[in-house]
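Each chain gets a letter, A, B and so on, in the order its sequence line appears, and its residues count up from 1. Since the structure is predicted, the reported quantities are computational estimates derived from the model, not experimental observations.
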There are 2 protein chains.
Amino acid sequence: MQETGEVQEQDAGMRVVHLLRAVTVELDRIGERFAARHALHPTDVRALICLLDAARTGTSATPGTLGAHLGLNSAGTTAVIDRLERLGHVRRERDTRDRRRVLLRVDEGAVALGWSFFGPLIHEVVAVMGRFDAADQATIERFLAGVHEAVTRERAGREQHL
Amino acid sequence: MQETGEVQEQDAGMRVVHLLRAVTVELDRIGERFAARHALHPTDVRALICLLDAARTGTSATPGTLGAHLGLNSAGTTAVIDRLERLGHVRRERDTRDRRRVLLRVDEGAVALGWSFFGPLIHEVVAVMGRFDAADQATIERFLAGVHEAVTRERAGREQHL
DNA sequence: GACAATATCTCGCTCAGCGAGATTCTTGTT
DNA sequence: AACAAGAATCTCGCTGAGCGAGATATTGTC
């Protein structure tokens with residue numbers, strides 16, 4: 001990794017790549033920890049996050065949207081919802097307009113659970129941001145937005161050829 | 001996924017948190033895509049990354065270190081290595097010093113496979129970094145290092161109470 | 001009303017990962 | 001040297017997540 005400090009200038013990019021990867025690995029691990037602690041599977045955590053996102057933005061979630069989001073089969077999606085429902089984190093409610101559909105309502109306890117997971121992380125990141133002045137914060141934000149856009153584009157490109 | 005309309009979070013910290021999360025989600029998805037395309041499981045990809053890291057830093061990998069890194073059981077670890085070996089990505093070699101141990105050697109093809117996965121991503125991130133001057137790059141690096149340190153500490157703290 | 005499309009669920013199967021324990025080799029003790 | 005304790009890995013049997021195929025119920029269209 002540390003090749004005697006050669007080519008220091010352009011290696012900032014490489015160091016940042018490795019830092020980004022390290023951060024994602026850590027976040028994944030925290031997710032796994034959280035899952036294990038609450039008798040959930042990693043997939044269930046992802047599902048819960050997805051449902052909380054939907055609740056936060058006001059959009060109503062259904063088994064279909066959830067499954068698409070998680071990349072799961074309809075059978076697998078049913079299984080995930082069954083598990084979450086059994087734990088009382090989510091309820092199924094028939095849509096009165098289109099009675100084929102089922103609306104997924106997250107329980108209050110699940111929202112609290114979500115915050116107990118994200119809260120400390122958010123706090124940490126906000127604290128780190130606090131060490132920088134407004135101009136630097138804007139720089140950081142632009143960088144992350146750029147990475148997000150680039151990575152999303154990369155993925156979209158890979159989806160192309162199957 | 002997208003924060004359309006929701007302007008309540010004008011706090012830069014919050015926006016950065018969401019960006020970080022979005023980036024990790026995208027990276028995870030790319031990993032899944034990569035896995036599906038090469039007849040690998042997500043765990044196998046993580047294992048491959050771990051082995052490539054070891055090869056890159058010169059440290060010799062064993063089933064034990066790999067399993068610890070992946071959070072797998074010894075039985076599960078054996079299974080992962082079996083799969084990778086069957087695909088020709090890794091070879092088992094008895095350690096001549098401590099003949100209880102097995103050393104894991106990654107095949108040349110696996111290294112190439114790793115680069116075909118990471119290469120484009122690295123290129124993208126480096127390109128984004130190229131949009132910033134040296135001072136801003138240093139800021140970004142300090143920020144990510146700070147987040148990494150904070151997140152790692154968070155996880156360590158959670159490991160505490162089981 | 002017959003028909004295709006849509007949303008969800010059921011059934012049977014495969015295989016990743018777990019726990020328990022077997023195997024092989026090393027190291028320290030006597 | 002012989003033996004016990006420990007370490008690294010592997011084998012076996014099992015549970016359960018997720019898949020494919022198909023069943024069921026509901027909607028809009030002709």
Side-chain angles (χ1 to χ4, degrees), chain A residues 28-29 31-33 35-48 50-51 54 59-87 89-105 162, chain B residues 28-29 31-51 54 59-87 89-105 162:
Chain A
D28 279 353
R29 288 196 174 175
E32 285 169 18
R33 272 286 145 184
R37 174 178 287 277
H38 292 91
L40 295 170
H41 301 265
T43 301
D44 300 346
V45 174
R46 290 178 60 185
L48 214 48
C50 179
L51 293 174
T59 53
S60 57
T62 70
T65 61
L66 180 64
H69 224 282
L70 297 176
L72 285 185
N73 185 307
S74 69
T77 305
T78 299
V80 174
I81 300 171
D82 283 347
R83 293 196 298 267
L84 291 179
E85 195 171 38
R86 201 175 311 131
L87 291 170
H89 294 318
V90 73
R91 291 192 317 279
R92 281 177 164 99
E93 284 181 12
R94 274 286 165 198
D95 187 344
T96 51
R97 309 194 173 200
D98 185 341
R99 292 176 40 73
R100 288 171 301 185
R101 305 212 297 170
V102 165
L103 299 180
L104 302 176
R105 303 268 189 224
L162 186 67
Chain B
D28 279 352
R29 289 196 174 176
E32 285 169 17
R33 272 286 146 182
F34 179 79
R37 175 178 285 278
H38 292 91
L40 296 170
H41 301 265
T43 301
D44 300 345
V45 174
R46 289 178 61 185
L48 215 48
I49 290 171
C50 180
L51 292 175
T59 53
S60 56
T62 70
T65 60
L66 179 64
H69 220 280
L70 298 175
L72 285 185
N73 187 308
S74 70
T77 305
T78 297
V80 174
I81 300 171
D82 282 348
R83 293 196 297 268
L84 291 179
E85 196 171 37
R86 203 176 308 133
L87 291 171
H89 295 318
V90 73
R91 292 193 316 280
R92 282 175 164 100
E93 286 180 11
R94 275 286 164 198
D95 187 344
T96 52
R97 305 189 175 204
D98 184 341
R99 293 175 40 73
R100 288 171 300 184
R101 305 211 297 171
V102 165
L103 298 181
L104 303 176
R105 304 269 189 224
L162 188 65

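- Side-chain N/O atoms of B/Asn73 and base N/O atoms of C/dG17 include no donor-acceptor pair closer than 3.5 Å.
- Within a 6.0 Å sphere centred on NE2 of A/His38, other residues, nucleotides and ligands contribute more than 12 heavy atoms.
- Here the C1' atom of nucleotide C/dC25 and the CD atom of B/Glu93 are 18 Å apart, to the nearest Å.
- Note: CG (B/Leu72) to P (D/dT9) measures 14 Å, nearest angstrom.
- Across the protein-nucleic acid pair, B/Leu104 atom CG and D/dA8 atom P stand 14 Å apart, rounded to whole Å.
- When all heavy atoms of A/Ala35 and A/Val45 are compared, the closest pair comes out as CB-CG2, 3.5 Å.
- Atom P of nucleotide D/dT15 and atom NE2 of A/His41 are separated by 15 Å, given to the nearest angstrom.
- Rounded to an integer number of Å, the gap from CZ of B/Arg46 to P of C/dA16 is 16 Å.
- Put simply, CG on B/Leu70 is 14 Å from P on C/dA16, counting in whole angstrom units.
- Only at 4.0 angstrom or more do the heavy atoms of residues 80-87 of chain A sit from any atom of DNA chain C, so none qualifies.
- Looking at heavy atoms from C-beta onward, B/Leu40 lies out of side-chain contact with B/Arg46 at the 4.5 angstrom threshold.
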Annotated protein contacts, base or backbone, on nucleotides 22-30 of chain D with a non-hydrogen cut-off under 4.0 Å, one of B, S, - each: ----BS---

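- Applying the 4.0 Å criterion to OP1 and OP2 of C/dG17, one finds that B/Thr43 has a side-chain N or O inside that range.
- Between A/Leu103 atom CG and C/dC9 atom P there is a gap of 11 Å when expressed in whole angstrom units.
- Proximity of B/Leu84 to B/Leu51: side-chain heavy atoms (C-beta onward) are separated by under 4.5 Å at one or more points.
- Looking at A/Arg97 and A/Asp95, no side-chain N of the basic residue comes within less than 4.0 Å of a carboxylate O on the acidic one, giving no salt bridge.
- Residue-level contact check: A/Thr62 touches the backbone only, with heavy atoms under 4.0 Å from sugar-phosphate atoms and none from bases.
- Annotation: side chain of A/Glu93 is not in contact with side chain of A/Val102 (no heavy-atom distance under 4.5 Å).
- Without hydrogens or angle criteria, A/Arg94 side chain to A/Arg99 main chain gives a donor-acceptor distance under 3.5 Å.
- Among the protein residues, A/Gly71 comes within range of the sugar-phosphate backbone only, with heavy atoms under 4.0 Å from sugar or phosphate atoms but none that close to a base.
- The side chain of B/Ala75 approaches C/dG19 more closely than any other nucleotide in the set D/dA21, C/dG19, C/dT8.
- Screening residues 59-81 of chain B for salt bridge (Lys or Arg N to Asp or Glu O under 4.0 Å), with sequence neighbours left out, gives no hits.
- In this structure, B/Leu48 and B/Val90 have side chains that are not in contact, with every pair of non-hydrogen atoms separated by 4.5 Å or more.
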